[in-house]
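Right, one structure below, let's go through it.
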Amino acid sequence: MPALAQEKIYTLEDIYALPDGERAELIDGQIYMMTPPSRKHQTLARELFSSISSYIKSKGGFCEPFFAPFAVFLNKDDTNYVEPDIVVICDKSKFTDKGCSGAPDWIIEIVSPGSRRMDYFTKLFKYRTSGVREYWIVDPEKNRILVYNFESEDTGDYTFADSVKAGIYDDLLINFSDIANILNN
């Protein structure tokens, strides 16, 4: 019986060797190329980031929000590297010159046509097992926001007509109907 071909395991070295302008993520040694986001995607990311950042500032919070491209080295190894659309990090010891070493507290991914399987399956599993506290999948095409609070094991399913409460904060509500109005103008 012939030997099976070994699948190549990629590392951070392969990510850093990509030509200028090319972006990719690395999950369990597999490379996933990224396409540039649409204007709608960027508008949604901007509005979410602005809401979160304003909330943290108004409360004198110690957590820090970042938006893509921001490097997250999930497992402190060289085979897992992601650039979530939005991350919130509350543990300052995770900051490095290159980004975040370890799991952020909160990750938001905005679904694009090419990222659907990654966001709903691959990243959901990876974020849960790496120690992310909360993960939101924002899907503008399906008018849907899925909220996974891994600490309490709660899941919420919302639409762009809802206000969605962040699990890592007691009183942060994001009004998606306001965001939908901006997207539709």
Side-chain angles (χ1 to χ4, degrees), residues 21-27 32-59 61 63-74 80-90 99-100 103-128 130 132-151 154-185:
E22 284 192 26
R23 290 178 46 218
E25 293 179 306
L26 184 65
I27 298 179
Y32 299 90
M33 299 306 293
M34 300 171 71
T35 58
S38 69
R39 183 182 61 80
K40 185 176 188 176
H41 180 283
Q42 290 298 81
T43 300
L44 184 50
R46 180 193 68 221
E47 294 303 315
L48 286 169
F49 178 82
S50 178
S51 294
I52 295 164
S53 183
S54 294
Y55 170 85
I56 292 171
K57 282 181 189 174
S58 75
K59 298 292 184 177
C63 299
E64 288 193 51
F66 294 91
F67 52 86
F70 182 79
V72 175
F73 307 90
L74 280 172
N80 287 283
Y81 165 90
V82 292
E83 292 182 3
D85 291 305
I86 299 171
V87 297
V88 176
I89 302 156
C90 301
C100 175
D105 294 272
W106 182 13
I107 291 179
I108 299 174
E109 294 285 8
I110 300 167
V111 178
S112 298
S115 73
R116 186 167 301 285
R117 181 169 178 74
M118 281 288 292
D119 295 336
Y120 278 101
F121 299 103
T122 307
K123 287 183 177 178
L124 172 62
F125 176 78
K126 192 65 192 175
Y127 293 161
R128 178 181 296 163
S130 68
V132 171
R133 293 170 54 198
E134 184 168 354
Y135 175 42
W136 288 19
I137 301 171
V138 179
D139 192 335
E141 189 177 300
K142 292 189 174 192
N143 186 35
R144 184 178 196 195
I145 303 101
L146 285 175
V147 174
Y148 295 93
N149 186 323
F150 298 133
E151 287 183 318
D154 286 338
T155 303
D157 193 351
Y158 305 92
T159 72
F160 276 65
D162 297 319
S163 287
V164 181
K165 184 185 176 311
I168 69 166
Y169 293 109
D170 291 332
D171 59 351
L172 172 57
L173 279 174
I174 296 181
N175 185 336
F176 274 86
S177 63
D178 287 348
I179 294 172
N181 287 336
I182 293 167
L183 290 174
N184 294 327
N185 286 330

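Keep in mind that this is a model prediction, so the values were computed, not measured.
The 12-atom threshold is not exceeded at CG of Asp170, counting heavy atoms of other residues, nucleotides or ligands nearer than 6.0 Å. Within 6.0 Å of atom CD in Glu22, more than 12 heavy atoms from other residues, nucleotides or ligands are found, so the atom counts as buried in its surroundings. Summarising the local packing, CZ of Phe67 is surrounded by 12 or fewer heavy atoms from other residues, nucleotides or ligands at distances under 6.0 Å. More than 12 heavy atoms of other residues, nucleotides or ligands shown are found within 6.0 angstrom of CZ on Arg116.
Side-chain atoms of Thr43 come within 3.5 Å of backbone atoms of Arg39 as a donor-acceptor pair (strictly under, hydrogens ignored). At least one donor-acceptor pair closer than 3.5 Å links the side chain of Asp162 to the backbone N or O of Thr159. The closest donor-acceptor contact from the side chain of Asp105 to the backbone of Cys90 lies under 3.5 Å. Using modelled atom types, one side-chain atom of Ser130 and one backbone atom of Lys126 make a donor-acceptor pair closer than 3.5 Å. The main-chain N or O of Asp119 is never found under 3.5 Å from a side-chain atom of Glu109 such that the two would form a donor-acceptor pair. Of the possible donor and acceptor atoms, none in the side chain of Glu47 sits under 3.5 Å from a partner among the backbone N and O of Ile179. The backbone N or O of Ser115 sits nowhere less than 3.5 Å from a side-chain atom of Ser112 that would complete a donor-acceptor pair. The backbone N or O of Glu83 lies less than 3.5 Å from a partner atom in the side chain of Glu25, making a donor-acceptor pair.
Taking every heavy atom of both residues into account, Pro140 and Lys40 meet most closely at CB-CE, 4.1 Å. Heavy atoms only, all atoms of each residue included: Tyr81 and Ala71 are closest at CE1-CB, 3.3 Å. When every heavy atom of Phe70 is checked against every heavy atom of Cys100, the shortest pair comes out as CE2-CB, 3.9 Å. What you find for Pro84 and Ala68 is that their closest heavy atoms are O-CB, 3.3 Å. Contact detail for Arg128 and Phe150: the closest heavy-atom pair is NE-CE2, 3.4 Å.
Here the CD1-OH distance, from Ile145 to Tyr158, works out to 9.5 Å after rounding to the nearest 0.5 Å. With rounding to the nearest 0.5 Å, the separation of CZ in Arg144 from CG in Asp157 is 4.0 Å. Here the NZ-OH distance, from Lys123 to Tyr32, works out to 10.5 Å after rounding to the nearest 0.5 Å. To the nearest 0.5 Å, the span separating CG on Asn80 from CG on Leu26 amounts to 6.0 Å. A distance of 8.5 Å separates CD1 in Ile107 from CD1 in Ile89, rounded to the nearest 0.5 Å. How far CZ of Arg46 is from NE2 of His41: 13.0 Å, rounded to the nearest 0.5 Å.
With a 4.5 Å cut-off on side-chain heavy atoms, Leu48 and Phe176 count as touching. Side-chain contact between Trp106 and Ile86: absent, with no pair of heavy atoms (C-beta onward) separated by less than 4.5 Å. Residues Lys59 and Asp171 have side chains in contact (heavy-atom distance under 4.5 Å, counting atoms from C-beta outward). Side chains of Pro104 and Val132 form a contact here, defined as non-hydrogen atoms less than 4.5 Å apart. The side-chain heavy atoms of Met118 and Ile27, taken from C-beta on, include a pair separated by under 4.5 Å. Contact check for Ile137 versus Tyr148: side-chain heavy atoms found under the 4.5 Å cut-off. Between Val88 and Ile56, some side-chain heavy-atom pair lies under the 4.5 Å cut-off.
Between Tyr135 and Tyr127, the ring planes are perpendicular. Angles over 60° get that label, and only those under 30° would be called parallel.
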Determine, step by step, whether Leu44 and Phe160 satisfy the side-chain contact (heavy atoms from CB on, under 4.5 Å) criterion, reporting the C-alpha distance in whole Å, the side-chain angles of both residues, the deciding distance to 0.1 Å, and the verdict.
CA-CA 11 Å; Leu44 184 50; Phe160 276 65; 4.1 Å; yes
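The only member of Asp85, Leu146, Val138, Asp139 that meets side-chain contact (heavy atoms from CB on, under 4.5 Å) when paired with Val111 is Asp139.
Separation of the Tyr55 and Tyr169 ring centroids falls under the 6.0 Å cut-off.
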